[in-house]
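Take a look at the structure below.
Remember, it's 1-based here, ligands and their atoms both numbered in the order they're listed.
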Amino acid sequence: MNRLRILSGVQPTGSLHIGNWLGAIRNWVNLQNTHETYVCVVDLHAITMSYDPIKLAEDTRNTAALYLACGINPEHSTVFVQSHVRAHSELCWLLNCLTPLNWLERMIQFKEKSIKQGSNVSIGLLDYPIMMAADILLYDADLVPVGEDQKQHLELARDIAQQRVNSRFGKDENVIVKVPEPLIMSEGARIMSLVDGRSKMSKSHPDDNSRINLLDSPDLIKKKIKRAKTDSNIGLEFTNTDRPEADNLLGIYAILSGKGRETVAIECSEMGWGNFKQLLIDATIESLKPIQNHYNEIINDRTYMDNILKEGAQKANSVADTTLQRVRSALGFLKTIG
Ligand code: AMP
Ligand code: TRP
């Protein structure tokens, strides 16, 4: 039986944090044994905002190493760098020409990010979701495991596939590209900032205390959790709005301790913040330890990393080229000669 295919990616900008892990990467790891898994480091997306060219290549390699450190097994998953597969840029252009501008202008992430950029917003930032659609459609992905914040981009990819490609160019019910489904887990899909329980934990937040990075040292984790915003109530509970910091930190503890929400809600119902924070510090340090150890083992082995990314690119290119040819032909392009 054919296994369902998944595709996902993270940008190599800044350090990966526990939101990226719990919202996205952890799910890829859980799915890789039962699904055909493609995971890429989306470096073309990383240049949509101002970036440092001296760091891009290194950050790209480090991000791929973190995928492996989190448990992505290159024998089960294809791990590759987006820019190593040129078909992404080409399909992006084709989809650009098929997609109405106003579909992009209403993207929440574009609006939020462009406010921060002032007058220096690149066309690439607006185009970002189309590149993401190209990433997904090239691999005929059935499912795309992402955090909650990517839901709108996934809906756009579906609309482009269905309304702009298949129904316009697919003759007689002929499907040209597969329409993907988002896969957003109920737990961990939206990890919030440590300094404000109402905003998302994010790589780009200027205050590093707002997030726990996967490579933070035990001392730093301790310091960040101790400083994390709390409220004046004693006893922690899930409220789903009234106490955003309690919801967030208890939720993180439920996942990292492996105990689940019901158990931790009982365990912490009468606990003061000080005692709870110590539990959270221990659970966080413990769960990041194996990731950090694995990362340290592989990060300096350049040949090992290069080989994985080379094999990944070969496999990804062969799948992506097949899809691209199908789209080119449906759109009416002259076949390449020779
Ligand atoms: P990014 O950091 O924007 O490259 O996001 C990479 C992946 O991590 C995407 O699937 C996001 O949905 C997910 N993600 C990013 N931030 C969070 C967060 N705070 N909580 C849960 N998932 C997140
Ligand atoms: N836009 C995604 C994010 O910031 C990253 C991404 C790019 C992606 N291409 C993708 C995720 C394709 C899933 C599938 O989180």
Side-chain angles (χ1 to χ4, degrees), residues 5-29 31 37-49 51 59-60 63 66-67 70 80-83 85 88-89 91-92 95 104 107-110 112-113 124-125 127-158 160-161 178 180-205 210-214 244 247-249 251-252 255 316 320:
R5 190 177 281 176
I6 65 169
L7 175 123
S8 196
V10 172
Q11 295 182 63
T13 36
S15 346
L16 264 59
H17 52 68
I18 57 168
N20 297 127
W21 178 40
L22 301 179
I25 302 173
R26 180 181 62 130
N27 303 323
W28 313 345
V29 172
L31 292 163
T37 302
Y38 287 79
V39 288
C40 57
V41 181
V42 291
D43 54 348
L44 295 170
H45 278 104
I47 67 164
T48 55
M49 304 271 276
Y51 76 104
D59 284 350
T60 301
T63 303
L66 267 174
Y67 289 1
C70 288
F80 66 101
V81 175
Q82 182 189 35
S83 70
V85 181
H88 291 245
S89 302
L91 184 60
C92 178
L95 300 180
L104 294 175
M107 293 291 116
I108 296 161
Q109 205 172 78
F110 172 70
E112 285 175 357
K113 287 191 179 175
L125 189 66
D127 203 24
Y128 178 114
I130 306 249
M131 177 59 93
M132 179 163 165
D135 300 340
I136 298 166
L137 302 183
L138 275 177
Y139 298 89
D140 289 326
D142 297 285
L143 297 167
V144 184
V146 280
E148 180 73 36
D149 59 340
Q150 297 301 313
K151 200 169 167 198
Q152 197 186 28
H153 291 161
L154 254 297
E155 278 157 13
L156 183 92
R158 287 172 56 82
I160 293 174
K178 184 168 261 172
E181 297 279 347
L183 186 65
I184 298 169
M185 295 296 172
S186 55
E187 280 194 355
R190 199 168 166 77
I191 301 290
M192 309 309 277
S193 155
L194 297 187
V195 296
D196 171 11
R198 294 191 195 276
S199 64
K200 195 186 75 160
M201 185 177 285
S202 141
K203 287 182 197 147
S204 56
H205 194 291
S210 67
R211 59 187 162 259
I212 294 175
N213 301 309
L214 296 182
D247 282 330
N248 186 40
L249 297 181
I252 296 174
I255 305 176

Out of N20, D149, V146, L154, whose heavy atom sits nearest atom 11 (C) of ligand 1? D149
Looking at K200, which atoms of ligand 1 are within less than 4.0 Å of one of its heavy atoms? 19 (N)
Just going by heavy-atom distances, which of M201, Q150, M192, E148 is nearest to atom 9 (C) of ligand 1? Q150
Should P145 be counted as touching ligand 1, given the test is an N or O pair under 3.5 Å? no
Counting heavy atoms under 4.0 Å, the part of S202 that contacts ligand 1 is neither
Any side-chain heavy atom of R190 sitting closer than 4.5 Å to one from I184? no
Considering S193, G19, A24 one by one, which has a heavy atom nearer to atom 17 (C) of ligand 1 than any of the others? G19
Closer than 4.0 angstrom: is that true for some heavy atom of G188 and an atom of ligand 1? yes
Does N27 reach the main-chain N or O of P145 with its side chain, forming a donor-acceptor pair under 3.5 Å? no
At under 4.0 Å between heavy atoms, which part of K203 makes contact with ligand 1: side chain, backbone, both or neither? side chain
Show the protein residues that qualify under the rule heavy atom under 4.0 Å from an atom of ligand 2, listing them in chain and number order. L7, S8, G9, Q11, V42, H45, Y128, M132, D135, I136, V144, V146, Q150
Side-chain donor-acceptor pair under 3.5 Å between H88 and D135, yes or no? yes
Which bit of H45 is near ligand 1, meaning a heavy atom under 4.0 Å away: side chain, backbone, both or neither? neither
Testing the basics here: between N20 and K203, what is the closest heavy-atom pair and its distance to 0.1 Å? OD1-CE, 3.5 Å
Are F80 and Y139, when compared by the centres of their aromatic rings, separated by less than 6.0 Å? yes
